[in-house]
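Below is one structure, written out as C-alpha cells; the observations come after it.
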Amino acid sequence: MSETSNPSIVPPLAKSPLRPPFPKGGWGGFPTRADIVILLLALALVPYLYIHYWGNGAHGEQARILVGGKEFARVPLYKAQRLEVPGALGVSVLEIKDGKIRFIASPCRGKQCVHSGWLGLSGEFAACLPNRISAQVVGREPRFDAINF
Amino acid sequence: MSCSKPQPLYQEQLLALGALVDISIWGVEPEPAQQAADAVTEDFNRIHRTWHAWQESDLTRINAQLPGGAPFPVQADLMPLIGRAQELSRQSEGLFNPAIGKLIGLWGFHGDEPKGPPPDAAAVAALVAQHPNMDDLRLGRSRCPASRDTSRTLRYRSSLCVENNLLQSRNPAVQLDFGAIGQGYAVDVAIEHLRQLGIENAIVNASGDIRVIGKHGARPWRIGIRNPRGPGILASIEMQGDESIVTSGTYERFFEYDGQRYHHIIDPRSGYPARGLVSVTVLHSDAVTADAASTALLVAGLKDWRRIASNMGVKQAMLIDEQGTVYMDAVLARRMHFEIAPAPKVEITDTL
C-alpha cells in the first residue's frame, strides 16, 4: 500500500498516443451488439433513477379523495380521467390530467374548490366542505407539510 | 424498488367545525399516533357540539338566554374561551367582536351556504347603533354594574358581565359567535392534548389555521400559504418549536348578489363587510390569538393595523390588499419565501 509508485509500470501514454483503448482481440470484440443494448438500457434508466432518487419529489404522485372525512379513493395523477364523487349535497366532478387534479364542478355555492384550480404539488389540497369532499395531492416528499389559507 | 425506510409521519384527516382538519404527527409509532389523533378528533367534535353558532349547541343555548338580561349559570368549562374572547376583543379595540352574532346572522352567514341578498340597510344600522360588544368584561371578580354607561368615550364598556360562572347581558343585541376564533381555539386545545400524550412533533391544521410543535425530523415544518388572489401557493415559510399561522381572507366565505361580492368578515363599526384588504396572515405562539388578530387586522385596514397588532402582542403579520400589494413587517419579510413569479409588490414596514 506504499504511496510511491514504480514508474516502470505506469503505461507510457506519452510515447504511444495511438494505443488502442482495448486489448486487440483479448476481450472478445467489445463492444458487442448485446453490450450496446445493455448500455442503452442503462442510459435509458438514468432519467428515471434521477427523478426517483434525486428528482423533485414535490410533484405529487397520487390524489387522496376524502368524502365525509373517510378515504373514498386514491387515484394516480399520471392517468388522465374524470371522477364523479357523490357527496352530501350532490356530485362533485374532479379532473386529473398531466400530473394534476382539480375540481371542475361542485354543488356548493361559493365554488371555492373550483376556484382553487389545479393541484399538483405534494401537500396541496382543495375541499368542497358543504359537499364534504376534499382532494389532497400526496407524494414521496411533500413540498409542504401543511397549507395555510 | 425503493429500499428507503417508511417515513415516521402519521397523518389523519377529519371534517369538524365546518373545516377540514389535518393532523400530522412525526416520530411516533403508528399505534400511539393513531390513538393521539383519535383523541384530538374527539376534541374537535366536542368543540363543534359546544360552540356551533347556528346548530343546536351550548352556545345557542347561551344565546337564547342572553337577551333576557338576567344572570344565568354557564358550564365552568365554557368560561375560559368567553374570558379570552373578551380580552382579545378589548385589545383589538372592538374590531374583533364576537358579540355581533346578530349581524353575522343578518348577513346570512349563519348557514352552510350563504346566498344573499344583502340585508336591509336600516336593519344593519339599527343593530350597529346598539353596539353589541364584549369589551370590559369582568370574570368572577366584581358585580356587574347596575346600568349601562352610554357615554361616547365609554362606548365599548361592558354590555356583558361574567361572574362566578354566571353570565349576564345588559344589551339585548348581544349574541355570541366565535366563528372568528373557534378553529384557532380548537387547534390550541388539540396541540395541548397532543403534548399531554407525549407528542413533541406535530401539526394541527384546521382549514388553514395551523399550529406546529417540534420539527419534521431533521428539518423544520414547511408551510405553504395559498394565493388569496388566484390558484396555487403564494409563499412558503419554515416553522418549528411552537408557533401558529392563521390567515383570514375575504375569499373564504362570501356570496355574490347583483354582481357584487359580500364576504363574511363584518366590520362591527359599519355593519358591512370590511373593505380594502383581501387577506391577513398572522404568526403568533397561540392559534387563538393569531385567529382573532387576523380578523381584527383585516377590519383595521392599512391605516390602523400596526397599532392593533401591537395591542394584541402580534409581532409578525402579512397583509394583502385588493391590488395584490403585500405589506409585512421586517421580521416576517426575512422568513417569507415567495413561490410565484414574478413575486408580488412588497412593502416592508418596521418591526412591530
Side-chain angles (χ1 to χ4, degrees), chain A residues 45 48-49 51-53 57-58 61 64-72 87-90 100-103 106-149, chain B residues 1-2 4 7 9 11-16 18-22 24 26 41 111-116 203-205 207-212 216 219-228 230-239 244-247 249 251-256 279 281 283 339:
Chain A
L45 265 176
Y48 167 77
L49 292 172
I51 288 166
H52 188 81
Y53 290 105
E61 291 153 7
R64 186 171 177 235
I65 294 160
L66 299 186
V67 178
K70 300 265 181 285
E71 187 166 302
F72 173 80
L89 297 178
K100 296 174 180 174
I101 185 167
R102 66 171 175 175
F103 278 84
S106 213
C108 40
R109 202 175 303 271
K111 309 271 186 239
Q112 255 196 60
C113 52
V114 178
H115 296 312
S116 296
W118 288 107
L119 316 166
L121 295 176
S122 183
E124 280 194 293
F125 80 93
C128 173
L129 289 175
N131 208 21
R132 300 178 71 77
I133 293 175
S134 68
Q136 183 179 25
V137 178
V138 290
R140 220 166 13 87
E141 171 67 7
R143 176 77 180 80
F144 305 112
D145 300 306
I147 306 290
N148 164 264
F149 55 95
Chain B
M1 187 99 187
S2 170
S4 59
Q7 297 286 315
L9 181 69
Q11 285 185 296
E12 178 89 35
Q13 284 187 319
L14 63 132
L15 288 165
L20 183 70
V21 181
D22 213 325
S24 303
W26 172 270
T41 300
D112 292 328
E113 289 282 293
K115 56 180 182 288
I203 298 184
V204 177
N205 178 0
S207 270
D209 290 10
I210 294 169
R211 183 162 171 177
V212 310
H216 178 285
R219 64 164 174 82
W221 294 105
R222 297 191 291 233
I223 310 298
I225 299 166
R226 187 170 285 166
N227 187 352
I233 301 298
L234 172 75
S236 61
I237 187 166
E238 293 191 335
M239 297 171 71
S244 302
I245 180 167
V246 175
T247 296
Y251 50 84
E252 290 174 293
R253 299 194 78 211
F254 60 86
F255 63 84
E256 282 176 352
S279 75
T281 302
L283 280 84
E339 299 279 340

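Residue numbers start from 1 in every chain, and the chains themselves are labelled A, B, ... in the order their sequence lines are given, proteins ahead of strands.
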Shortest non-hydrogen contact from [X] to [Y]?
| X | Y | answer |
| --- | --- | --- |
| B:Gly232 | A:Glu124 | CA-OE2, 4.0 Å |
| A:Ser116 | B:Pro231 | O-CB, 3.2 Å |
| B:Ile245 | A:Asn148 | O-ND2, 3.4 Å |

Toward chain B, the part of [X] with a non-hydrogen atom under 4.5 Å:
| X | answer |
| --- | --- |
| A:Gln136 | side chain |
| A:Leu66 | side chain |
| A:Arg102 | neither |

Just wondering, more than 12 heavy atoms not from B:Lys115 lying within 6.0 Å of its NZ?
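No, NZ of B:Lys115 has 12 or fewer neighbouring heavy atoms, counting only those of other groups under 6.0 Å.
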
At a 4.5 Å cut-off on heavy atoms, which part of [X] comes close to chain A: side chain, backbone, both, or neither?
| X | value |
| --- | --- |
| B:Glu238 | neither |
| B:Glu252 | both |
| B:Val246 | backbone |
| B:Thr41 | neither |

Mind running side-chain contact (heavy atoms from CB on, under 4.5 Å) on B:Arg219 and A:Asp145 for me, showing each step along the way?
CA-CA 11 Å; B:Arg219 64 164 174 82; A:Asp145 300 306; 2.8 Å; yes

Looking at B:Asp209, B:Ile203, B:Ile233, B:Leu14, which one has more heavy-atom pairs under 4.5 Å with chain A than the rest?
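That would be B:Ile233.
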
Among A:Gly117, A:Cys108, A:Gly68, residue most engaged with chain B (heavy-atom pairs, under 4.5 Å)
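The answer is A:Cys108.
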
Using the test side chain to side chain contact (heavy atoms under 4.5 Å, CB included), find all partners of B:Pro228 that sit at least two apart in sequence or belong to another chain.
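Residues passing side chain to side chain contact (heavy atoms under 4.5 Å, CB included) with B:Pro228: B:Leu234, B:Tyr251, B:Val278, B:Ser279, B:Ile320.
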
Could you tell me the separation between the CG atom of B:Leu20 and the SG atom of A:Cys128, rounded to the nearest 0.5 Å?
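Answer for the CG-SG pair, B:Leu20 versus A:Cys128, is 11.5 Å.
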
With side chains defined as the heavy atoms from C-beta onward, is the minimum distance between A:Arg143 and B:Ser236 less than 4.5 Å?
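Yes - at least one pair of side-chain heavy atoms lies under 4.5 Å apart.
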
Any ring pair (Phe, Tyr, Trp, His ring centres under 6.0 Å) involving residues 127-149 of chain A? Give me the pairs, sequence neighbours left out, ordered by first then second residue.
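Only A:Phe125-A:Phe149 qualify under ring pair (Phe, Tyr, Trp, His ring centres under 6.0 Å).
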
